[in-house]
Amino acid sequence: MIDGKVLEYSNELKRLGINHEILEHPELVSVEDVQKYLGFGLDEALATLIMKTEKGFVALIKRGDSSLESKKVKKALGIESLRMATDEEFKKLTGVVPGAAHILHKVERTLIDERVFEKTKINGGSGSLLYTFRYEVQDLKKIPNSQVADITKISITTTSTSIGVKRVFSGIRATGRLHLGNYLGAVKGFLELEKTGEYETIYCVVDVHSITTPYDKNVLAKNKREIIIDYLAAGLDPKKSIIIYQSSVPEHIELAFYFSTVVNVARMLHLPTYKDKIKQHPHFVTMALLNYPVLMAADILIYKASLVPVGIDQEPHLEVTREIARKMNQIYGTDFPEPVRFATKGEYIPSLTGEGKMSKTVAGSFINLTDSLEEIRKKIRSVPTATTAGGEMSSGVKTLFTFAELFISKEVDKYKKAFEDGSLKFVELKDAIADAIYQELKPFQERRAKIAADTKYVDEVIRDGAERARKIARETVKEVKEKMGLT
Ligand code: TYM
């Protein structure tokens, strides 16, 4: 039977509209132990820290895999002094034992780290060491007196693979040429991680994923090569990274089938990405589409990669990947890591239409990496900037400021001030952004023309990548077959 105090807390959450499940476990104090027992990673744990400031007590809610940055907290709260509450203060304020803090304590303010919202569900304290609550993340915004802020830095706890190499994997579909969202949300992360020299980096053109929605076979054959050229022009070095087509390593597909034996159909049917796609293509609801996330999990786990540079839209797929890794490890004793996302500053690039995200499939929403200055100017000038009645930023204006932060960060304050006092000439802001985007893309465009002309070089990169990748992939499939009783 559930403890009375825990039930009372659960009812209070319900009154506030904060949905949650109650998970039971033996008495455990450390977050790591609880998560291990329940079969989750630290990235899916909430930690509530009670701290004392000159204005009183505050609660800081962060993920288990990130560490607090007191400078950011002070800035977000407008305070100067910050320290952890003593055990005495903690017990007096919360009425619970240290280690069991939940999310609704009587504090001046609650700050929730923005990284928490990269998840859909997350586990946190219940006031008792015997229960953990699994919260719907979006509902956390209903905590009274709370605010979302950037208050942590991620401490990447990559699991090393059985052979001791830390690997990175990512991929892009071959559904068109790369746009600015792909570049800022994914490719910049590819480059950053390649540059560290700390990882074995594997970057893929996921051509098999591209056939899960309607496509033209001649266009696909052309597009997939164009993306390899884009990767090289963006600066990826085939001596440092393995660059492949997914279909050149058929083991990805074999592993996806083995993985599908531990995946629940209902779980796949409810994924937001699946629902969006069947809305877009109601006459193309196929098994391949339903299996999309399982193949993505196989892409990543076949290399036992623990870090995945992708935009925020891919987080639901990464959650499925972690679930598959956990299940395979529990049932068959494999040692798959639970991969985490490597986020760039441009993890969510909005659409130029002012609605939703920049996307290949939405006309008028994107800037291609190969667009000329004139094209970029025309597109940026088309961002709607009608002002709202209350003088607040409309979504189009917010989009412009997102680009301004990314491309002309030093001038953002000047333009924001002008917006606030009504003197901003949008065309000036738009042209400054367009010019800066073009300046960033120009070297890419110059390199691209040269690489595209060197057919032999591109062919060799593709051949060499496949050979190196297959060596690793074969090993993993062999191991999985053995552990599943197939050999
Ligand atoms: P895809 O092809 O839709 O997008 C490729 C990458 O670009 C990022 N991205 C964005 N980032 C920020 N703002 C945007 N507006 C934006 N639009 C796209 C995506 O997040 C992604 O990183 N399922 C994946 C492909 C895939 C994959 C994988 C990725 C298959 N297997 C294994 C990583 C690992 C996809 O559809 O990406």
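Atoms within each ligand, like the ligands themselves, are counted from 1 in listed order. Residues: numbered from 1 along the sequence shown. What you are looking at is a predicted structure, and each value in this text was computed from that prediction instead of being measured.
Ligand 1 places these atoms under 4.0 Å from at least one heavy atom of Y348: 12 (C), 13 (N). Listed by atom number, the atoms of ligand 1 under 4.0 Å from D313 heavy atoms are 19 (C), 20 (O). Of all the atoms in ligand 1, the ones that sit under 4.0 Å from a non-hydrogen atom of H179 are 17 (N). When each atom of ligand 1 is checked for a heavy atom of G185 under 4.0 Å away, the hits are 11 (N), 12 (C). For ligand 1, the atoms lying closer than 4.0 Å to a non-hydrogen atom of G346 are 12 (C). Near I300, the atoms of ligand 1 lying under 4.0 angstrom from a non-hydrogen atom of the residue are 32 (C), 34 (C). Annotation for ligand 1: atoms under 4.0 Å from non-hydrogen atoms of Q314 are 20 (O), 23 (N), 24 (C), 35 (C), 36 (O), 37 (O). Shown in contact with G311 at under 4.0 Å from a heavy atom are these atoms of ligand 1, numbered in order with element: 11 (N), 19 (C), 20 (O), 22 (O).
Taking the ring axis of Y135 as reference, the NZ or CZ atom of K119 does not stay both within 45° of it and closer than 6.0 Å to the ring centre.
Atom 28 (C) of ligand 1 has as its closest protein heavy atom M296 CG, 3.5 Å. The protein heavy atom nearest to atom 25 (C) of ligand 1 is G171 O, 3.6 Å.
For residues 343-369, no pair satisfies ring pair (Phe, Tyr, Trp, His ring centres under 6.0 Å), with sequence neighbours left out.
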Derivation of the side-chain contact (heavy atoms from CB on, under 4.5 Å) call for K121 and E44: CA-CA 7 Å; K121 288 188 178 182; E44 282 184 82; 5.5 Å; no
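The side-chain contact (heavy atoms from CB on, under 4.5 Å) test with R341 singles out one residue from R115, E319, Q314, E315, and that residue is E315.
Among the atoms of I172, none of the N or O lies under 3.5 angstrom from an N or O of ligand 1. Of the polar atoms of G181, at least one N or O is found under 3.5 Å from an N or O of ligand 1, judged by distance alone. Residue M358 places at least one N or O, backbone or side chain, under 3.5 Å from an N or O of ligand 1. Not one N or O of V206 is nearer than 3.5 Å to an N or O of ligand 1, by distance alone.
Annotation: the span from D207 atom CG to N223 atom CG amounts to 11.0 Å, rounded to 0.5 Å.
Contacts between R173 and ligand 1 below 4.0 angstrom, taking non-hydrogen atoms only, involve backbone and side chain alike. Residue Q246 does not touch ligand 1, judged by heavy-atom distances below 4.0 Å. Residue contacts with ligand 1, taken as heavy atom pairs separated by less than 4.0 Å, involve V310 via backbone and side-chain atoms alike.
In this structure, Y292 has a heavy atom closer than 4.0 Å to ligand 1.
If you check each of V205, L178, N182 against atom 9 (N) of ligand 1, the one with the closest non-hydrogen atom is N182. By heavy-atom distance, the residue among S359, A186, A174 lying nearest atom 6 (C) of ligand 1 is A186.
With sequence neighbours left out, the salt bridge (Lys or Arg N to Asp or Glu O under 4.0 Å) criterion links D276 to no other residue.
With a 4.5 Å cut-off on side-chain heavy atoms, L111 and K62 do not count as touching.
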